[in-house]
Engineer: 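I have a structure I would like to understand better, so I am pasting it below and will then ask my questions one at a time.
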There are 2 protein chains.
Amino acid sequence: MNRKKNITFDDIAKYTNFSKTTISRYFNNPDSLTLKNQEIIAQALVDLDYKENKVARILASGKTEFIGIVIPFLHNHYHLEMLTQILLTYEQFGYKFLVFIGNGEKETERQYIDELLAYKIEGLLILSFTIPSRELADLPIPIVTIEREDKYVSSVNTDNYMGGVQATSLLAKHGCDILIHLNTHTSPSIPSYGRIKGFLDLCEEKHLNQRVIYKDIGTEYETMKKNMGEILDEIEAEYSGMKKGIFVSNDTNANVLLNLLIRKYGRLPDDYYIVGFDDSPISREAVMSISTVGQQIDKIAFEAVSLLVEQMNERKKRRPTPLTEPVHKVVTPVLLRRETTEH
Amino acid sequence: MNRKKNITFDDIAKYTNFSKTTISRYFNNPDSLTLKNQEIIAQALVDLDYKENKVARILASGKTEFIGIVIPFLHNHYHLEMLTQILLTYEQFGYKFLVFIGNGEKETERQYIDELLAYKIEGLLILSFTIPSRELADLPIPIVTIEREDKYVSSVNTDNYMGGVQATSLLAKHGCDILIHLNTHTSPSIPSYGRIKGFLDLCEEKHLNQRVIYKDIGTEYETMKKNMGEILDEIEAEYSGMKKGIFVSNDTNANVLLNLLIRKYGRLPDDYYIVGFDDSPISREAVMSISTVGQQIDKIAFEAVSLLVEQMNERKKRRPTPLTEPVHKVVTPVLLRRETTEH
DNA sequence: TTGTAAGCGTTATCAG
DNA sequence: CTGATAACGCTTACAA
């Protein structure tokens, strides 16, 4: 903020012989001025090279048009793409975003939220998993979470259950003898648990031979390769000769499995069918394109901001009717058949 | 901003029988109060559940602690990772970021910058390529650009030239008979032009047989595959029997080439050596890990914010000595030898 | 070490 | 349709 000489409403008022109030009206309710006076002021704006100061406006009006975001520090495609899509909603809603990257520590993330609150954000989007929704619900502004535990707050998530069903059905259709799901142990309170449940329910319904392998594969590529290698060895030993349908919890891991197979056999053996989850870039860029369940990240981002803005607007009414119950929206995923199942 | 009743310095002042000023001092210069009085105020803060209001502070002090970012709308790993690393510098510098995603249109991006200016950002980080640096230089706040045309403004970039030299040397060391560089036509005013120049200069210096193939591969995976396929056909025809060292302008494209070869031969033929650029995730996740030139994104982000903050601080001095010439910092890339050259 | 009072640049309220 | 004047909540000389 240049301490020197910023042109203010006062300057414009003097220059045009109107009052500050009239200048303010020119911006907020121009129709209340005569056309002629509007023109006079418009000209003065140009003559004086006026630049607006939103900080002053916020202080006076109480409307920041800021939304806070707390996103976990993950290098995965999903969160980064989600952030991008959220930022892009500026075009539709006009809200500006103040972004903090969480580090997984409760105390730090609480501090971030306090800082956001100090900037008078009007709503908060939480993607980070650190702070339980019970605590978030007590914040004095509307909250919407994305793809995390959301019992006490509103949220937008992928329909993970349907995604699990879709992936499993695809493998079932190919007549696999054994359906295997690879995942980590996941709490039922987390949306992605639906992937496991979808898998299990469909297998039960269709009386399919199934197995869930719970194992944390790790995040370093070399570690992932090693852990996945062990899983693969076990699968090869256990289900040799059978047609194997493997639903992997995400594309990154599915790709590790695929690479292992390709390097072992030079190509994907006929008795392997693989489906991933996320439609992340790797699913397209892999040696063979990986069938996957695509999350509609743009839709989720839009719905989340939309839901948030609705609640923010509700608060601005004279007689606000705040939500009594958290709203949980769900976005349908899209099954993408690619080479790892259509070979 | 809750219109109702926010606790303000006035309330605290009344509660403690101090003046507003003293309360302000408690926050900005606590040592100027007696320990006892500090405690009294601290207690009052708790009793009244005071929440700070940075908007008011900004208006009064002129310091927003905001940095604006305009980043292009690209789904590539590089920009998203850079954004993440920039946001993470909050820990060190305390500046908050207001992020806009450019759409490549000058008029829109100018509007974004105006909006940022209206929020009284203290500095601006530009990653988008749309607006020429000539125009950026006229903005009334410090600017730093990252990896784009930067003639008239300060910038931080990867040392692309050295990267080109490193990649080329690696291929040369393996005794390749022909060195091929795949790239698009690039203006010398853009940092990444250095990759081409580095390649050419080294080849000339070492009297190496070289060839640059300029071709826009596209962004859709299928298109890329098709275009790269044509290039590969030509290479196979032209340089059959020769040991080929191929330096591809980025990892995404290098991976396309690698996949094509693997699918054709079941493995990477012995007479192919491939180096990419960026150290993007795909270079590790590919069927064979891809040798590449790693950009130190965290360092670049840090240097950029650091350079910006320096200039911002300079302005706050009583007698500021603004930069007379733009500063161009350069971050050394790191050569990563992986399977595509060490087979 | 503490207080007084004048801003910072808008918007809101109440008149006219 | 237009204008005074008081907020908004904090910082910053200048005093004491």
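Note that this is a predicted model, so its numbers are computed, not measured.
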Engineer: Among residues 12-19 of chain A, which contact DNA chain D at a heavy-atom distance under 4.0 Å?
Structural biologist: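 Hits under 4.0 Å, by residue number: N17(A), F18(A), S19(A).
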Engineer: Are S128(A) and E109(A) close enough that a side-chain donor and a side-chain acceptor fall under 3.5 Å?
Structural biologist: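 Note: S128(A) and E109(A) side chains meet the donor-acceptor criterion.
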Engineer: Just checking F302(A) against F93(A), ring centres under 6.0 Å apart?
Structural biologist: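 Distance test on ring centres: under 6.0 Å, yes.
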Engineer: Within this structure, what is the CG-to-P distance between N53(A) and dC8(D), rounded to whole angstrom?
Structural biologist: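 It works out to 19 Å between those atoms.
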Engineer: Whole angstrom is fine here: how far is it from OH in Y50(A) over to C1' in dG9(C)?
Structural biologist: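 Atom OH in Y50(A) sits about 8 Å away from atom C1' in dG9(C).
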Engineer: Just the rounded figure in Å: distance from P of dA7(D) to CG of L59(A).
Structural biologist: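 Going from L59(A) (CG) to dA7(D) (P), I get 14 Å.
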Engineer: Got a sec? Which of residues 33-42 of chain A come in under 4.0 Å of DNA chain D, heavy atoms?
Structural biologist: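 Per residue number, the list reads L33(A), T34(A), N37(A).
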Engineer: Classify the ring geometry between Y50(A) and F27(A) as parallel (under 30°), tilted (30 to 60°) or perpendicular (over 60°).
Structural biologist: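 Rings of Y50(A) and F27(A): tilted, 30 to 60°.
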Engineer: In the 5'-to-3' direction, what one-character label does each nucleotide of nucleotides 11-16 of chain D receive under the scheme B = base within less than 4.0 Å of a protein heavy atom, S = sugar-phosphate only, - = no such atom?
Structural biologist: BBB---
Engineer: When you measure from the centre of the six-membered ring of Y152(B), is the NZ or CZ of R134(B) closer than 6.0 Å and no more than 45° off the axis?
Structural biologist: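 Verdict for Y152(B): a cation-pi partner in R134(B).
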Engineer: Whole-Å distance between dC8(D) C1' and K54(B) NZ?
Structural biologist: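 K54(B) atom NZ is separated from dC8(D) atom C1' by 18 Å.
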Engineer: Would N53(A) and N6(A) count as having a side-chain donor-acceptor pair, cut-off 3.5 Å?
Structural biologist: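 Absent: no donor and acceptor within the cut-off.
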Engineer: Using whole Å, what does the distance between atom P of nucleotide dC8(C) and atom CG of D11(A) come to?
Structural biologist: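 Result: 10 Å.
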Engineer: Please confirm whether the shortest side-chain N or O distance from Y26(B) to OP1 or OP2 of dT1(C) is below 4.0 Å.
Structural biologist: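 Negative; the distance criterion is not met.
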Engineer: Tell me whether K96(A) is salt-bridged to E115(B), with the criterion being a basic N under 4.0 Å from an acidic carboxylate O.
Structural biologist: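 So K96(A) pairs with E115(B) through a salt bridge.
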Engineer: For S24(B) and T21(B), test the side chains for any donor-to-acceptor distance below 3.5 angstrom and give the result as yes or no.
Structural biologist: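 The answer is no; no qualifying pair exists.
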Engineer: Between F100(A) and Y90(B), is the ring centre distance below 6.0 Å?
Structural biologist: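 So the answer is yes for these two rings.
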Engineer: Rounded off to whole Å, could you give me the CD1-to-P distance for the I7(B) and dC8(D) pair?
Structural biologist: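 Distance, rounded to whole Å: 13 Å.
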Engineer: Looking only at side chains, do E107(B) and Q111(B) share a donor and an acceptor under 3.5 Å apart?
Structural biologist: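 Short answer, no.
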Engineer: Taking OP1 and OP2 of dT1(C), is either one under 4.0 Å from a side-chain nitrogen or oxygen of S32(B)?
Structural biologist: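 No, because none of the side-chain N or O atoms of S32(B) sits under 4.0 Å from OP1 or OP2 of dT1(C).
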Engineer: Taking only Lys NZ, Arg NE, NH1 and NH2, and the carboxylate oxygens of Asp or Glu, determine whether D150(A) and R148(A) approach each other closer than 4.0 Å.
Structural biologist: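 No, no charged N to carboxylate O under 4.0 Å.
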Engineer: Between dG9(D) atom P and L48(B) atom CG, what is the distance in whole Å?
Structural biologist: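 Checked: the CG to P distance equals 14 Å.
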Engineer: Look at R110(A) together with E135(A) and state whether they make a salt bridge at an N to O cut-off of under 4.0 Å.
Structural biologist: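 The answer is yes: the pair qualifies as a salt bridge.
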Engineer: Rounded to whole Å, please give me the gap between CG in D31(A) and P in dT2(D).
Structural biologist: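 Checked: the CG to P distance equals 12 Å.
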